[in-house]
Amino acid sequence: MGYRTDLAVEAMDYGAGRQAARQMRGFTRTEEETEGFSVTKLVIHTEEVAQALEKPCGTYATLGLGALIRREEDAFPRACHALSRLLRELLSPAGEGPVLVTGLGNRSITPDAVGPLAVGYVIATRHLVSHVPEHFAGWRAVSAVAPGVLGQTGVEAGELLHGLRDAVAPSAVIAVDALATGRLSNLSRTIQVTDTGIIPGSGVGNARNELSRRTLGVPVIAVGVPTVVDGATIAHEICEQAGVSGCEALDDLARPVLVTSRDIDREAADVARVIGYSINMALHPQMSVEDVDLYLS
């Protein structure tokens, strides 16, 4: 059984391919701190490393939310500034054109609701830029949509986004989704930002249509929050660290069992707000947290 995670830094640190990837050296990894939050940047340069980690070539920035979880003073605005800075870095190649923001997932299932909740905080400006240019000519045209899931709409999110791409003609897409982690300590406590796009549902064994530059024709920046852990991954890690092999109880985890936290409803709402505010601030650098509050009120 493989180590199941959507986080690139976890795949490098704990996954089955970590030793092979490190020996290849076709990557760079840096650790830094911004606004009091830890940031780990992993850049995968070669296809060999990408195959070993089962992650596409590209940049992965992982923001630790320790200060926010600890409710430190001014943690929320600092988290928004830190995340918006990471987003601007990855969005810079797309220029200043229109952006389509999509919140992937099922609003009715709390661990999968981060995407739709985050989009609820994104200020849509496309109609304002075109219809009220005297007030919004200097703003970036932003469209925001939560397409739901196949079981709700009968339409793949990827199919809907292809149609929206043709109508909106964005220079980039920002996709927000829930992820799977391999470690309980990362549940709702990290945000991964990557320029490699995303395959919705891949972390829980329900992969849907890929959303990436290859499929949509424009850069796709994926923002993800781990909200579930695969039960088998947890069990195997515990057995491995305890030096136990051949545990019969692991057979009961042949079917996927997903574990989340007791406070996932609050945690999902908190981190979704950070993401939504950060997207606004990344797309409109003149905006502050207070400005976003004002426009959303």
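Heads up: numbering here begins at 1 and tracks the sequence. Quantities reported herein were computed from a predicted structural model and do not represent experimental measurements.
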Look up atom CD1 in Ile44 and atom OG1 in Thr28, then write down how far apart they are to the nearest 0.5 Å.
9.5 Å

Answer yes when Arg214 and Glu210 have at least one side-chain N-carboxylate O distance shorter than 4.0 Å, and no when they do not.
yes

Do Leu91 and Ile174 have side chains that get closer than 4.5 Å, going by heavy atoms?
yes

Spell out, as yes or no, whether a donor-acceptor pair under 3.5 Å connects the side chain of Asp230 to the backbone of Thr233.
yes

Is there a side-chain hydrogen bond (donor to acceptor under 3.5 Å, both in side chains) between Asp6 and Gln192 once you walk through the steps?
CA-CA 9 Å; Asp6 287 321; Gln192 177 176 269; over 6 Å; no

Within the side chain of Asn186, is there an N or O that forms a donor-acceptor pair under 3.5 Å with the backbone of Gly182?
no

Short side-chain donor-acceptor distance under 3.5 Å, Ser38 and Glu33
no

Within-4.5 Å side-chain heavy-atom neighbours: Val289 and Phe76:
yes

Once rounded to the nearest 0.5 Å, what's the spacing between atom CG of Leu42 and atom OG1 of Thr59?
8.5 Å

Looking only at heavy atoms, the pair that brings Ala75 and Ala67 closest together is CB-O, 3.6 Å

Rounded to the nearest 0.5 Å, what's the gap from CG on Leu87 to OG on Ser278? Could you check?
6.5 Å

Same cluster for Leu90 and Val225 if Ile/Leu/Val/Met/Phe/Trp/Tyr side chains link at under 4.5 Å?
yes

So, taking the atom named CG in Leu211 and the one named CZ in Arg165, what distance separates them when rounded to the nearest 0.5 Å?
11.0 Å

By the definition side-chain contact (heavy atoms from CB on, under 4.5 Å), identify the one residue from Thr181, Val9, Leu63, Leu7 that meets it with Thr190.
Leu7

What verdict does the side chain to side chain contact (heavy atoms under 4.5 Å, CB included) test give for Tyr277 and Asp293, after you've listed the backbone C-alpha separation in whole Å, the side-chain angles of each residue and the deciding distance to 0.1 Å?
CA-CA 9 Å; Tyr277 274 57; Asp293 280 332; 2.4 Å; yes

Keeping the roles fixed (side chain from Ser143, backbone from Leu100), state whether a donor-acceptor pair exists under 3.5 Å.
no

If we only count heavy atoms from C-beta on, is the Phe37 to Glu72 side-chain gap below 4.5 Å?
no

With hydrophobic residues grouped by side-chain heavy-atom distances under 4.5 Å, do Ile221 and Val39 end up in a single group?
yes

For the backbone of Gly148 and the side chain of Arg107, can you confirm whether one donor and one acceptor N or O come within less than 3.5 Å of each other?
no

Is Glu89 reaching over with its side chain to a backbone N or O of Leu86, donor-acceptor style, under 3.5 angstrom?
no

Heavy-atom side-chain contact between Leu128 and His135 under 4.5 Å:
no

Begin from the C-alpha positions of Val173 and Val99 and carry the test side chain to side chain contact (heavy atoms under 4.5 Å, CB included) through to its verdict.
CA-CA 6 Å; Val173 172; Val99 171; over 6 Å; no

Do you know which of Val155, Val145, Thr102 makes side-chain contact (heavy atoms from CB on, under 4.5 Å) with Leu160?
Val155

Tell me whether Leu161 is reachable from Val101 by hopping between hydrophobic residues (I, L, V, M, F, W, Y) whose side-chain heavy atoms are closer than 4.5 Å.
no

Pairing donors with acceptors under 3.5 angstrom, does anything connect the side chains of Arg29 and Thr40?
no

For Glu54, is the CD atom crowded, meaning more than 12 foreign heavy atoms sit under 6.0 Å from it?
no

Verdict with supporting geometry, Ser261 and Glu267, side-chain hydrogen bond (donor to acceptor under 3.5 Å, both in side chains):
CA-CA 9 Å; Ser261 68; Glu267 293 169 353; 2.6 Å; yes

If the plane angle is over 60° it's perpendicular, under 30° parallel, otherwise tilted; pick one for His284 and Trp139.
tilted

Check: Ala141 main-chain N/O paired with Arg126 side-chain donor or acceptor under 3.5 Å:
no

For a quick check under 3.5 Å, do Tyr60 and Asp195 share a side-chain donor-acceptor pair by atom type?
no

Answer yes or no: are there more than 12 heavy-atom neighbours, outside Glu73 itself, under 6.0 Å from its atom CD?
no

If I take atom CG from residue Asp265 and atom CG from residue Asp263, how far apart are they, to the nearest 0.5 angstrom?
7.0 Å

Within the 4.5 Å heavy-atom criterion, are His131 and Phe136 side-chain neighbours or not?
no

For Thr227 against Ala178, the heavy-atom pair lying closest together
OG1-CB, 3.5 Å

What pair of heavy atoms forms the shortest contact from Ala61 to Lys41, and how long is it?
CB-CG, 4.2 Å

Beyond-backbone contact of Val220 with Arg213, side-chain heavy atoms, under 4.5 angstrom:
no

Restricting to non-hydrogen atoms, name the atom on Gly36 and the atom on Arg78 that form the minimum distance, rounded to 0.1 Å.
CA-NH1, 3.8 Å

Hey, is Arg273 close enough to Asp270 for a salt bridge, meaning N to O under 4.0 Å?
no

Can you tell me how far CZ of Arg70 sits from CZ of Arg189, rounded to the nearest 0.5 angstrom?
10.5 Å

Note: Leu104 and Ala175 closest approach over all heavy atoms is CD1-CB, 4.2 Å

Looking at side-chain heavy atoms only, is the closest gap between Val176 and Ile279 below 4.5 Å?
yes

Which heavy-atom pair separates Pro219 from Ser171 by the least distance, and what is that distance?
CD-O, 3.3 Å

What's the verdict on side chain to side chain contact (heavy atoms under 4.5 Å, CB included) for Asp177 and Val114, showing C-alpha distance, side-chain angles and the deciding distance?
CA-CA 6 Å; Asp177 200 6; Val114 170; over 6 Å; no

Applying side-chain hydrogen bond (donor to acceptor under 3.5 Å, both in side chains), run through Arg85 and Thr34 and close with a yes or a no.
CA-CA 9 Å; Arg85 189 172 302 150; Thr34 179; 2.5 Å; yes

Do Leu117 and Ile275 sit in one hydrophobic cluster, given that two such residues count as connected whenever their side-chain heavy atoms are within less than 4.5 Å of each other, even indirectly?
no

Quick check on the hydrophobic clustering: are Leu283 and Val119 connected, directly or via other members, by side-chain heavy-atom contacts under 4.5 Å?
yes

Side chain to side chain contact (heavy atoms under 4.5 Å, CB included) between Val122 and Val142, worked out:
CA-CA 9 Å; Val122 174; Val142 178; 4.0 Å; yes

Any Ser288 side-chain heavy atom under 4.5 Å of Met281 side chain:
no

